[in-house]
Amino acid sequence: WLTAPPQQGTLKEGGRLAIDFAHLCAVLESADIKYHSYDDSTLLAVFSWEQERVDLVCSLWESGAYLDVRTVRLGVLPRDDHQRIAQLLPRISKLNYDYKVARISWDEDGELVVGSSLPLEDQTEVTRDQVAALITAVCQISVELRRVLAQPHVSSQVDEDELPEGSAPR
């Protein structure tokens with residue numbers, strides 16, 4: 001997770017991005033956010049949200065066309081634990097439905113990741129408030145997801161009122 005994806009994007013001729021890595025660091029510093037630079041486009045920041053630690057990787061992707069914020073070490077849902085998956089998947093889906101800015105994904109190792117991206121290419125500047133809103137959304141859903149993961153194993157029966165409207169099985 002601490003490696004940025006391949007740099008595939010290119011800037012429009014004469015174009016200038018709204019943010020570069022130095023600017024991202026300055027925005028975080030102005031918000032008193034502590035971070036560790038991993039390389040010249042990726043940093044690791046640790047946040048405290050509702051008394052819970054949330055570790056985030058912030059990266060500039062595609063030559064700085066996107067600011068991407070993702071969690072690390074959030075939680076694991078083993079892919080072979082079918083009963084637990086059946087129990088938690090509706091709740092995880094509801095979190096994805098409720099939080100429009102950040103999304104939960106599930107990698108091949110069973111690690112749950114919350115992430116969001118901010119397109120930068122067409123913006124003239126990126127403000128501390130925009131970066132803070134992106135980080136806040138990822139932290140909020142991360143804490144909610146941890147609460148879901150902390151629930152004890154129960155029957156895989158799901159109440160229809162726990163599902164997003166229109167998604168109940170027929």
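The analysis underlying the following values was restricted to heavy atoms, covering all of them including side chains, and did not include hydrogens, waters or symmetry mates.
Atom CZ of Arg84 is separated from atom CD of Gln151 by 7.0 Å, given to the nearest 0.5 angstrom. Leu118 CG to Tyr66 OH: the interatomic distance, rounded to the nearest 0.5 Å, is 10.5 Å. In this structure, CG on Leu67 lies 6.0 Å from CG on Leu60, to the nearest 0.5 angstrom. Between the NZ atom of Lys34 and the CG atom of Leu43 there is a distance of 13.5 Å, given to the nearest 0.5 Å. Separating the CZ atom in Arg73 from the CG atom in Asp55 is a distance of 4.5 Å, to the nearest 0.5 Å. Considering CG of Asp129 and CG of Leu134, their distance stands at 12.5 Å, rounded to 0.5 Å.
Under the 3.5 Å distance criterion, the side-chain polar atoms of Asp109 are left unmatched by any main-chain donor or acceptor of Glu111. Not one N or O on the side chain of Arg70 forms a donor-acceptor pair closer than 3.5 Å with the backbone of Ser117. In this structure a side-chain-to-backbone donor-acceptor pair under 3.5 Å is present from Thr71 to Val114. Distance alone, capped at 3.5 Å, is enough to place a donor-acceptor pair between the Trp106 side chain and the Leu77 backbone. The backbone N or O of Tyr35 sits nowhere less than 3.5 Å from a side-chain atom of Glu29 that would complete a donor-acceptor pair.
Side-chain atoms of Ile135 and Leu28, non-hydrogen and from C-beta on, do get closer than 4.5 Å to each other. Counting heavy atoms from C-beta outward, Arg146 and Val54 have side chains that approach closer than 4.5 Å.
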Stepwise side chain to side chain contact (heavy atoms under 4.5 Å, CB included) check, Ser37 with Phe21 = CA-CA 10 Å; Ser37 295; Phe21 192 68; 3.8 Å; yes
